[in-house]
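Ligands are counted one by one from 1 in listed order, and the atoms in each one are counted from 1 as well. Quick caveat: nothing in here was measured; it's all calculated off a predicted structure.
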Amino acid sequence: MTDPMGQALAALRRGDVIGLPTETVYGLAADASRPEAVRRIFELKGRPADHPLIVHVADAKQLDRWARDVPDAARALAAAFWPGPLTLILRKQPGVPDEVTGGQPTVGLRCPAHPMALALLHEFDGGLAAPSANRFGHVSPTSAAHVRDEFGNAVPVVLDGGECEVGIESTILDLSGDTPRILRPGRITRAQIEARVGPVAEGGAADSPRASGTLEAHYAPRTALLLLPRAALVDEARQQQALGKRVAVLALGALPDGLSGVALPDQADAFAHGLYAALRALDAQGANLLLAERPPSSLEWLAVNDRLRRSAAGAGLGNDSP
Ligand code: TXA
Ligand code: MG
């Protein structure tokens, strides 16, 4: 039996899929240059084949290996934020498999800031296609145990890199068109990006490529979830309990008196760090309804609000939800 890194490397070289820790969430990774290995990721996730995957690379020198006509903005942002939670959508090199790009002319690239992922990427000397290691539409995993819960023996090699520091997925910035556009908000903010490369648009354009993280119903627990301001949440909880329903609460700072559930810090980055583990824990409590406290609408909470809104939209659809 070899060490975990050796096992992971051997599995990737065989064309197998592994569980990979990153600083955002765990990924389901395979050799991005091998179409059959990438197809296996889609089978495992139950994800539609036209949804593109992010290619994880060891450093910014890999930009030109996967992308062409790389704009200066991409180099400036990679220099500033890689390794880190920023994915750049660029025009792809002709050799990038359609399985990775969903047949689109672009490719998503990111260099993850997790020591295990970086060590593996340097050793592997290639790109790793990796979506979040959850079944399609479900809550993303932020620990190795979450990945094992989700896939069991179907993914025998899961590198355990501890809890993900960031806890929500990377910011996605599309640099393939005329104006840079944020397709998915994350830890790296619009202001941080604009400070380096000037004005950036936000939200998918009508003709923008499909990004599954931008579908309305995503990141969803299996129990129905309502997002409410604190006072309304307490009222709703009392009413539901009066009807005999079991209610579990996700609160900011502290749980309201007499209600049970999970409280996360009243601070955006710390809340993001714990969000997906909290949703999984709440889902496991067997409640009829999850009530989540709506965070402030200020910019620092943008990415958290985005994930909570999508969780609420997709919740309660059960195990076979899209
Ligand atoms: O933090 C992250 O980005 C994590 C970790 C594992 O790196 N990965 C992740 O992957 O969230 P995934 O597949 O769950 O979400 C990646 C998003 C998808 O919504 C996908 O559609 C979008 O990136 N994407 C990838 N390539 C794209 C492209 N060429 N054009 C537009 N969107 C793209
Ligand atoms: Mg995902």
Checklist outcome for this item: Nearest non-hydrogen contact to atom 27 (C) of ligand 1 from the set Ala117, Pro52, Ala133 belongs to Pro52

Checklist entry - Step by step, would you call Arg13 with Glu123 a salt bridge (Lys or Arg N to Asp or Glu O under 4.0 Å)? => result CA-CA 11 Å; Arg13 293 197 168 130; Glu123 197 66 29; 5.5 Å; no

Checklist entry - Do Phe136 and His51 make the cut of ring centroids closer than 6.0 angstrom? => result yes

Checklist entry - Val107 heavy atoms, cut-off 4.0 Å: which ligand 1 atoms fall inside? => result 29 (N)

Checklist entry - In Å, rounded to the nearest 0.5 Å, how long is the span from CG of Leu28 to CD1 of Ile41? => result 6.0 Å

Item to check | ligand 1 N/O within reach of Arg110 N/O, cut-off under 3.5 Å | outcome: yes

Item to check | Candidate with minimal heavy-atom separation from atom 13 (O) of ligand 1, of His114, Arg47, Glu169 | outcome: Arg47

Next on the checklist: Only heavy atoms of Ser170, strictly under 4.0 Å: list the atoms of ligand 1 that pass.
Outcome noted: 1 (O), 2 (C), 3 (O)

Checklist entry - Does the side chain of Thr87 pick up a donor-acceptor pair with the side chain of Arg184 at under 3.5 Å? => result no

Next on the checklist: Check Arg75 with Asp64, please: is the shortest side-chain N to carboxylate O separation under 4.0 Å?
Outcome noted: yes

Next on the checklist: If you count every heavy atom of other residues, nucleotides or ligands that lies below 6.0 Å from Glu194 atom CD, does the total exceed 12?
Outcome noted: yes

Checklist entry - Relative to atom 10 (O) of ligand 1, which among Ser140, Ser132, Gly186 owns the nearest non-hydrogen atom? => result Ser132

Item to check | Side chain, backbone, both or neither: the part of Glu23 lying under 4.0 Å from ligand 1 by heavy atom | outcome: neither

Next on the checklist: Can you confirm whether Glu163 is buried at CD, in the sense that more than 12 heavy atoms of other residues, nucleotides or ligands lie under 6.0 Å from that atom?
Outcome noted: no

Next on the checklist: Counting only heavy atoms, tell me which of Leu86, Ile89, Asp174 gets closest to atom 28 (C) of ligand 1.
Outcome noted: Ile89

Next on the checklist: With side-chain contact (heavy atoms from CB on, under 4.5 Å) as the test, pick out the partner of Tyr26 among Leu159, Asn134, Thr142, Asp160.
Outcome noted: Asp160

Next on the checklist: Does ligand 1 come near enough to His51 that some N or O of the ligand is less than 3.5 Å from an N or O of the residue?
Outcome noted: no

Next on the checklist: Would Lys45 count as a polar contact of ligand 1, with the cut-off being nitrogen or oxygen pairs under 3.5 Å?
Outcome noted: no

Item to check | Candidate pair Arg307 and Ser140, rule side chain to side chain donor-acceptor pair (under 3.5 Å), full reasoning | outcome: CA-CA 10 Å; Arg307 301 307 191 280; Ser140 298; over 6 Å; no

Next on the checklist: Using a 4.0 Å cutoff against the non-hydrogen atoms of Leu53, which atoms of ligand 1 qualify?
Outcome noted: 25 (C), 26 (N)

Item to check | Salt-bridge present (Glu36, Arg39; N to O < 4.0 Å) | outcome: no

Checklist entry - Is it the side chain (CB and beyond), the backbone, both or neither of Lys92 that lies under 4.0 Å from ligand 1, heavy atoms counted? => result neither

Item to check | Sub-4.0 Å heavy-atom contact, Ile172 with ligand 1 | outcome: yes

Checklist entry - Is it the side chain (CB and beyond), the backbone, both or neither of Thr106 that lies under 4.0 Å from ligand 1, heavy atoms counted? => result both

Donor-acceptor contacts under 3.5 Å from residues 238-245 side chains, at least two apart:
| unit_1 | atom_1 | unit_2 | atom_2 | d |
| --- | --- | --- | --- | --- |
| Arg238 | NH2 | Asp257 | O | 3.2 |
| Gln240 | NE2 | Glu236 | OE2 | 2.7 |

Checklist outcome for this item: Per-atom filter on ligand 1: closer than 4.0 angstrom to a heavy atom of His56 are 5 (C), 6 (C), 7 (O)

Item to check | Contact check: Ser132 to the Mg ion (ligand 2), N/O/S below 2.8 Å | outcome: yes

Item to check | Arg184 neighbourhood, listing ligand 1 atoms whose heavy-atom distance to it stays under 4.0 Å | outcome: 2 (C), 3 (O), 9 (C), 11 (O), 15 (O), 16 (C), 17 (C)

